[in-house]
A.B. asks: 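Okay, here's the structure, questions in a sec.
Computed from a predicted model, the values in this text were never measured in an experiment. Hydrogens, waters and symmetry mates are skipped; everything else that's a heavy atom, side chains included, is used. Chain identifiers are assigned alphabetically (A, B, ...) following the order of the sequence lines, protein sequences preceding nucleic acid strands; residue numbering begins at 1 within each chain.
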Amino acid sequence: MAVHLSGIQPSGLLHLGNYFGAIRQHVALSEQKGEHFYFIADYHALTSSRDPEALRSYIRETAITYLALGLDGDSACLFRQSDVPEVTEIAWLLGTVAGMGLLERATSYKDKIAKGLKPSVGLFTYPVLMASDILAYGSDIVPVGKDQAQHVEMAQDMAASFNAAFDAEVFRRPEMLLSEEKSSRKVPGLDGQKMSKSYDNTIWLFETGKPLRKALNRIVTDSRPPTEPKNPDELLLFDLLHLFLDDGELQQLKTSVREGGEGAPGYGDLKNRLAEGIEDWFAPAREKRELLLADTGEVDRILARGGEVARERAASVRDRALEASGLR
RNA sequence: AGGGCAGUAGCUCAAUUGGCAGAGCAGCUGAUUCCAAAUCAGCAGGUUGAGGGUUCAAGUCCUUCCUGCCCUGCCA
């Protein structure tokens, strides 16, 4: 049975980019045959977090978000990375076969350095821990976005290096599943760049009402009046609208914007429509979230069970690695 | 490890011989706008890396420590 693995960092509230770029696919995959491991990458989050209170709350919120969006916590294995200390043991073992050159080539690391970030050792060895995450459960399939593809390749390299070094088939080679972006354009943020927490241009999934509308106000527009005909395909707003509106309405709006004139919707109208679209889209999930927020025991139970299952799996992989390398 | 330089608001920096900790940008609120942007008005933002000392008074002087960068070394 194929083993699927996905992880997400609890470094903030999850936003539309997270949803359309990853979470939606994760939840869809979890309904397919096979085993499904979903971990909340809290060890990873610690490379940037210095706020225990916030981290605790984000870890919880991340779990709740997945469950609210339809992940079945009983059939899939949802757990905290740090509930499986075996991954740090395996990470050490992998670190002994990972070359400096391999890690220095990591583009996400180089990007952060280029931005002037002072790297910790943890940030530098991040790909080793991630490789351990992937390999600890014998994953076959790792769905990732393009930005994480290199990390999966590195996991493949480290698995191969370890196996070759000790002439043993300890780690299974994982294959990445690149999320196809053909159907949906990538999700732009409020400023038109890719939506990302580091650009501060995100919209929280569960935002509603005034705060939501306020967030949407920041979406970049220009000063053309509603009546002026415009090409809707050049408008950032439509990149977001198309995610939430059905085809009929979308085409109607586009036509109206293209023709301009008296009845044409202005940017303000489009922002209102987008706000409604977002609220409606996530309404069921928001309800589910409220239930989970009220019933904290349920979330704890799911995470605890997930942690046990994951830990058992990781322990057996670790034991084989210890054996192969001569530590046992 | 030794020597040198540095640390002030989220960011970049200022503060005279020791004398009320400030500015620009970012942020928030309002006006304006179809919504924004721009502009205008306003608001907020700090244990001056930490501790100790000198002094009427310390961002500033002395001292210990922490962190970062540079140089010179040492070493499983």
Side-chain angles (χ1 to χ4, degrees), chain A residues 9 11-13 15-17 45-55 57-58 92-93 95-100 103-104 109-126 187-204 207-245 249-250 252-281 325-327:
Chain A
Q9 248 195 74
S11 51
L13 295 176
H15 53 74
L16 296 182
L46 208 51
T47 57
S48 57
S49 170
R50 292 294 117 100
D51 185 341
E53 198 81 12
L55 183 55
S57 118
Y58 288 145
W92 174 262
L93 300 174
T96 62
V97 299
M100 286 293 286
L103 296 185
E104 279 164 357
Y109 174 74
K110 286 196 294 191
D111 286 350
K112 287 183 173 138
I113 300 303
K115 278 187 199 147
L117 191 138
K118 300 279 183 260
S120 65
V121 174
L123 184 70
F124 182 66
T125 60
Y126 185 111
V187 183
L190 300 171
D191 57 358
Q193 299 186 82
K194 173 188 161 185
M195 187 178 286
S196 162
K197 202 181 138 262
S198 51
Y199 296 144
D200 188 30
N201 63 359
T202 63
I203 301 165
W204 182 40
E207 197 70 90
T208 59
K210 257 203 166 147
L212 174 61
R213 182 49 218 260
K214 206 146 183 109
L216 299 184
N217 278 348
R218 283 179 52 203
I219 294 173
V220 175
T221 62
D222 52 48
S223 53
R224 288 178 289 177
T227 48
E228 184 174 332
K230 294 179 275 286
N231 179 358
D233 296 326
E234 288 170 359
L235 299 181
L236 180 56
L237 263 166
F238 275 96
D239 287 334
L240 289 164
L241 279 168
H242 96 278
L243 296 167
F244 300 98
L245 270 46
E249 185 180 358
L250 192 65
Q252 198 184 323
L253 276 180
K254 282 191 174 184
T255 305
S256 192
V257 164
R258 195 173 285 118
E259 288 171 353
E262 273 315 305
Y267 295 121
D269 300 316
L270 294 175
K271 285 179 180 180
N272 281 331
R273 185 64 194 91
L274 178 58
E276 285 172 31
I278 292 171
E279 287 197 10
D280 290 348
W281 186 278
S325 57
L327 291 171

A.B. asks: Using whole Å, what does the distance between atom C1' of nucleotide B:C35 and atom CG of A:L241 come to?
C.D. replies: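 Between C1' of B:C35 and CG of A:L241: 13 Å.
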A.B. asks: Where do A:A275 and A:L212 come nearest, in terms of heavy atoms and distance?
C.D. replies: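 Closest approach of A:A275 to A:L212: O-CD2, 3.5 Å.
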A.B. asks: Report yes or no: is the cationic atom of A:K230 (NZ for Lys, CZ for Arg) closer than 6.0 Å to the six-membered ring centre of A:F238, at no more than 45° off its axis?
C.D. replies: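 No; the conditions do not both hold, so A:K230 does not lie above the ring face of A:F238.
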A.B. asks: Rounded to whole angstroms, how far apart are CG on A:L274 and C1' on B:C34?
C.D. replies: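 Rounding to the nearest Å, CG of A:L274 and C1' of B:C34 are 16 Å apart.
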A.B. asks: If we take the C1' atom in both B:A58 and B:A15, what is their distance in whole Å?
C.D. replies: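 Their C1' atoms lie roughly 13 Å apart.
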A.B. asks: Taking NZ from A:K197 and P from B:G10, how many angstroms apart are they, rounded to a whole number?
C.D. replies: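 Rounding to the nearest Å, NZ of A:K197 and P of B:G10 are 16 Å apart.
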A.B. asks: Sticking with atom C1', work out how far B:U8 lies from B:G22, rounded to a whole angstrom.
C.D. replies: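 Comparing C1' positions in B:U8 and B:G22 gives a spacing of 10 Å.
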A.B. asks: With heavy atoms under 4.0 Å as the rule, sort A:R224 into base, sugar-phosphate or nothing.
C.D. replies: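 The residue A:R224 makes base contact.
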A.B. asks: Can you name the closest pair of heavy atoms from A:N201 and A:S196 and give their distance?
C.D. replies: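 The answer is OD1-N, 2.9 Å.
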A.B. asks: Roughly how far, to the nearest 0.5 Å, is the CG atom of A:L270 from the CD1 atom of A:I219?
C.D. replies: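 The CG atom of A:L270 is 9.5 Å from CD1 of A:I219, to the nearest 0.5 Å.
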A.B. asks: Roughly how far, to the nearest 0.5 Å, is CG of A:L236 from CG of A:L241?
C.D. replies: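 Reported value, rounded in 0.5 Å steps: 9.5 Å.
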A.B. asks: side-chain contact (heavy atoms from CB on, under 4.5 Å) for A:D280 and A:F244? Distances and angles first, verdict last.
C.D. replies: CA-CA 9 Å; A:D280 290 348; A:F244 300 98; over 6 Å; no
A.B. asks: Is the phosphate of B:A36 approached by A:N217 (side-chain N or O, under 4.0 Å from OP1 or OP2)?
C.D. replies: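 Checking B:A36 against A:N217, a side-chain N or O does come within under 4.0 Å of OP1 or OP2.
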A.B. asks: Distance between the C1' atoms of B:C71 and B:A14, in whole angstroms?
C.D. replies: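 Comparing C1' positions in B:C71 and B:A14 gives a spacing of 30 Å.
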A.B. asks: Side chains of A:I203 and A:M195, heavy atoms from C-beta outward: is any pair under 4.5 Å?
C.D. replies: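 Counting from C-beta outward, A:I203 and A:M195 do come under 4.5 Å.
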A.B. asks: Students often get this wrong, so: under 4.0 angstrom with heavy atoms, is A:D222 touching a base, only sugar-phosphate, or nothing?
C.D. replies: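 Since a base atom lies under 4.0 Å of A:D222, the category is base.
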A.B. asks: Provide, to the nearest angstrom, the distance between the OH atom belonging to A:Y267 and the P atom belonging to B:C35.
C.D. replies: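 Going from A:Y267 (OH) to B:C35 (P), I get 13 Å.
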A.B. asks: Where each pair must be Watson-Crick or G-U wobble with both distances under 3.5 Å, what dot-bracket representation of RNA chain B is obtained, with crossing pairs in [ ] and other-strand partners as |?
C.D. replies: (((((((..((((.....[..)))).(((((.......))))).....(((((..]....))))))))))))....
A.B. asks: Where each residue is assigned the nucleotide of RNA chain B containing its nearest heavy atom, which of A:P119 and A:R218 is assigned the position nearer the 5′ end?
C.D. replies: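 Nearest-nucleotide comparison on RNA chain B picks A:R218.
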A.B. asks: Atom CZ of A:R50 to atom P of B:U67: distance rounded to whole Å?
C.D. replies: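 After rounding, the gap between these two atoms is 13 Å.
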A.B. asks: Given atom CD of A:E262 and atom C1' of B:C34, what is their separation to the nearest angstrom?
C.D. replies: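 Roughly 12 Å, once rounded to whole Å.
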A.B. asks: Shortest non-hydrogen contact from A:P265 to A:V257?
C.D. replies: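 Shortest heavy-atom contact: CG-CG2, 3.9 Å.
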A.B. asks: Considering only atom C1', compute the distance from B:A44 to B:G10 and round it to an integer number of Å.
C.D. replies: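 One C1' to the other, the span is 13 Å.
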A.B. asks: Can you measure A:L190 atom CG to B:G27 atom P for me and round it to whole angstrom units?
C.D. replies: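 After rounding, the gap between these two atoms is 12 Å.
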A.B. asks: Which of residues 207-215 of chain A sit near RNA chain B, with a heavy atom under 4.0 Å from it?
C.D. replies: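 A:R213, A:K214 - these, ordered by number, are the residues of the stretch whose heavy atoms sit under 4.0 Å from the strand.
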A.B. asks: Under 4.5 Å between any side-chain heavy atoms of A:L240 and A:V187, yes or no?
C.D. replies: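 With C-beta onward as the side chain, the pair touches.
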A.B. asks: Using the side-chain contact (heavy atoms from CB on, under 4.5 Å) rule, take A:L13 and A:K197 through it: C-alpha gap first, then chi angles, then the decisive distance, then the call.
C.D. replies: CA-CA 9 Å; A:L13 295 176; A:K197 202 181 138 262; over 6 Å; no
A.B. asks: Between P on B:G10 and CG on A:D51, what's the gap in Å once rounded to a whole number?
C.D. replies: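 Between P of B:G10 and CG of A:D51: 14 Å.
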A.B. asks: For atom P, what is the distance between B:A57 and B:A38, given to the nearest Å?
C.D. replies: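 Those two atoms are separated by 48 Å.
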